[in-house]
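Side chains included, hydrogens not; waters and symmetry mates left out as well; all remaining heavy atoms used. What you see is a predicted model; the values in this text were computed from it and never measured. Sequence positions, counted from 1, serve as the residue numbers for this chain.
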Amino acid sequence: MSVEPADRTVDRRAFLARTAALAAVTTAGAVALPAVARATGAKKPSLDNANAFVRPGSYGDPTELTIAEAAWLIRERRLRPEELLEAHLARIAAHDGTYQAFNVVLVEQAREAARRRPGRGALQGIPLAIKDNYYTAGVPTTANSYLFQDFVPPFDATAVARLKAAGGIVVGKTQMGPLATTRATTPDGVVTTVNAWTPTNPNQDPGGSSTGTATAVAGRLVTSGIGTQTGGSITAPSNAQNLTGIKPTMGRVSLHGIIPLSYTRDHPGPLARDAKDAAIMLTAMAGEDPADPRTQGLPDVPNLIDAATPVRHRGAVKLRWNTRIGVPPGFATGTSATALARQAFLAALAAIPGATVVEVPLPDEWNLLTGNTFNNVRLPERSEPFMPYLRDDLRGFGVSLTGWLQGALFGGNEFLTGQRAKVLLLERVLDQIFDKCDVAVQTGPVPFDIIGLPEIAFPIGFTAAGVPIGTILGGLPYAEDRLLSIAAAYQAVTDWHKRRPTDPPAGAVAARGAGLRLTADQVAELSQ
């Protein structure tokens with residue numbers, strides 16, 4: 001049993017005060033936020049961690065490997081980064097015409113990076129996909145929008161720079177919802193990226209705005225990738241495409257160099273194949289950044305890779321830390337495929353020593369505080385930095401214009417009331433849910449997006465039609481290590497996360513060719 005998890009070292013009231021201050025910053029500008037914990041000066045956990053390297057069983061196609069497996073082979077000189085990259089580039093050439101996961105593939109840059117002598121860390125030589133709202137130096141960053149169609153940033157976003165410094169290879173930029181508002185479409189609403197599990201059916205939801213990254217990882221076009229989440233765009237595509245995704249606590253990963261959607265709700269994070277890979281990615285991305293005040297004054301990054309390593313006692317898997325898992329009313333009620341998968345998931349968790357499944361009530365006025373009335377207070381945060389564009393040419397916003405206009409037309413009283421409601425919601429979640437449990441099963445990502453708490457999404461089954469079913473766990477501030485430990489333990493006793501979609505049939509019709517288009521009303525609904 002390892003040291004206590006990070007959520008045991010954080011003062012919940014201090015996090016509440018920080019959230020209230022962050023809400024105020026939206027009107028006062030970038031100012032110092034109150035510290036949640038005093039920095040200890042501890043060194044950031046290393047990616048050269050024995051637990052980050054997992055010896056694979058027999059394998060044929062290197063695109064089947066996880067980060068941890070590929071890293072072991074690269075370190076042991078049984079696989080060269082060039083071989084790993086070329087295998088993925090071959091799949092991109094063969095299948096991305098159907099998947100449409102990428103809007104640009106950096107073939108020569110990726111090959112040059114792969115030729116460099118690998119270091120010791122687990123990300124050395126690993127092919128990665130980057131959502132196209134992250135700045136990439138010298139490479140277009142369009143956010144799939146008219147507004148940024150010609151934008152070429154002069155530097156990398158902090159998260160991208162850290163992944164590259166750790167040895168990750170940027171293969172390309174991925175399709176996304178225009179300005180991160182909906183599933184991946186062209187700026188005028190024509191659907192592009194499909195779900196890798198249903199490549200011939202563009203109507204099957206592939207998740208939120210990080211669709212391109214999710215499809216690239218699920219379709220084995222890259223080993224892992226990164227997205228952003230404001231209203232579910234890491235957890236939703238992870239659930240839709242059988243991946244493990246983490247939306248970390250607000251501030252755990254820098255937002256510097258990411259085209260903004262909401263100053264108090266944007267979260268960068270990884271979309272990966274399992275908990276171990278997600279931990280490796282988040283370890284590389286996380287940490288203080290002088291360019292982002294939201295990252296300062298936080299607890300040190302814990303050893304996420306160790307946390308995502310299953311603990312065994314006499315051969316049986318057990319939880320790393322004793323954990324009460326809260327289940328809200330109605331979560332597993334019914335006989336649908338989703339309900340049955342949830343019932344089996346809870347039973348599997350309850351059977352793991354150290355896990356206790358408990359019922360928890362929803363906080364007072366839950367539906368009101370998490371409904372659209374208060375959820376929409378994020379819209380002015382979205383619109384304010386783009387007011388010059390809204391005044392100049394509305395056509396630049398394409399199919400997502402309605403939400404931007406809504407934000408511009410919100411009254412100041414509505415915005416302020418919404419910010420107060422956000423703090424009240426956080427207070428009630430901390431007091432009324434987490435008084436009775438350590439992590440809570442979520443029925444949707446939005447409540448924890450609103451209040452900046454961490455979430456992890458991972459697979460728990462499939463429908464009869466072979467479409468993935470996932471779930472989401474939410475935790476206390478900076479509880480990424482505990483969340484990873486639970487997902488890792490569950491994945492050690494199940495195999496849902498090991499399943500991969502079959503390749504698209506030859507000549508499959510691409511989504512764009514099918515002509516599926518989202519209306520403004522559909523965009524507004526998906527942007528909630």
Side-chain angles (χ1 to χ4, degrees), residues 6 10 15 18-19 21-23 25-26 29-37 39 41-47 121 123 128-137 139 141 143 153-168 170 173 176 180 209-210 213 224-230 233-234 245-272 278-302 304 381 385 449 452-455 477-481:
V10 174
F15 184 79
R18 184 180 176 90
T19 300
L22 185 61
V25 165
T26 62
V31 297
L33 298 172
V36 175
K43 186 178 180 180
K44 183 178 176 179
S46 173
L47 290 172
L123 274 178
L128 303 175
I130 308 297
K131 186 176 179 178
D132 197 28
N133 55 348
Y134 285 82
Y135 285 23
T136 41
V139 176
T141 296
F155 62 90
D156 287 326
T158 298
V160 174
R162 289 176 174 173
L163 290 168
K164 289 168 68 173
V170 174
K173 305 295 290 293
M176 56 180 285
S209 68
S210 301
T213 296
S224 193
I226 56 175
T228 57
Q229 176 157 323
T230 305
S233 290
I234 291 174
I246 294 181
K247 187 219 79 165
T249 311
M250 168 57 70
R252 181 52 88 192
V253 177
S254 174
L255 282 156
H256 180 60
I258 299 175
I259 294 172
L261 189 59
S262 171
Y263 186 85
T264 64
R265 285 182 53 172
D266 289 350
H267 299 78
L271 294 91
I280 292 168
M281 291 286 287
L282 187 56
T283 297
M285 298 169 70
E288 184 171 311
D289 178 9
D292 187 350
R294 289 162 291 198
T295 68
Q296 298 166 20
L298 305 186
D300 292 322
V301 179
L304 301 173
E381 291 184 45
D449 288 347
L453 295 179
E455 297 175 304
Y478 314 106
E480 292 86 5
D481 55 349

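- A284 pairs by the side-chain contact (heavy atoms from CB on, under 4.5 Å) definition with L47, L123, L163, A166, not counting sequence neighbours.
- For T295, there are no side chain to side chain donor-acceptor pair (under 3.5 Å) partners at least two apart in sequence or on another chain.
- Qualifying side chain to side chain donor-acceptor pair (under 3.5 Å) partners for S233, counting only residues two or more places apart in sequence or in other chains: S209.
- Here the side chain of S224 pairs no donor or acceptor atom with the backbone of L128 at under 3.5 angstrom.
- At least one donor-acceptor pair closer than 3.5 Å links the side chain of K247 to the backbone N or O of L453.
- Contacts of T230 classified as side chain to side chain donor-acceptor pair (under 3.5 Å), with partners at least two apart in sequence or in another chain: D266.
- Residues A6 and P302 share a closest heavy-atom pair of CB-CG, 4.3 Å.
- No donor-acceptor contact under 3.5 angstrom links the side chains of K131 and T213, judged on distance only.
- Note on residues 251-260: pairs passing side-chain hydrogen bond (donor to acceptor under 3.5 Å, both in side chains), not counting sequence neighbours, are S254-D289.
- Taking all atoms of both residues into account, the shortest heavy-atom contact from K173 to V139 is CG-CG1, 4.1 Å.
- Residue A286 comes nearest to V253 through the heavy atom pair CA-CG2, 4.0 Å, listed as atom of the first residue, atom of the second, then distance.
- We find the CG-CD distance between L261 and Q229 to be 11.5 Å, quoted to the nearest 0.5 Å.
- For the residue pair P290 and Q296, the shortest heavy atom distance occurs at O-NE2, 3.4 Å.
- Of the N and O atoms on the side chains of T249 and E480, at least one donor lies less than 3.5 Å from an acceptor on the other residue.
- Using a distance-only test at 3.5 Å, with no hydrogens or angles considered, no donor-acceptor pair links the side chain of R265 to the main chain of E381.
- Taking every heavy atom of both residues into account, M285 and A159 meet most closely at CE-CB, 4.0 Å.
- Between the side chains of N133 and T228, at least one donor N or O sits under 3.5 Å from an acceptor N or O.
- Scanning all heavy atoms of the two residues, the minimum distance from P268 to I234 falls at C-CD1, 4.1 Å.
- Every side-chain contact (heavy atoms from CB on, under 4.5 Å) that A157 has, sequence neighbours left out, goes to Y134, Y135, V160, I258.
- Residues E455 and H267 have side chains not in contact (no heavy-atom distance under 4.5 Å, counting atoms from C-beta outward).
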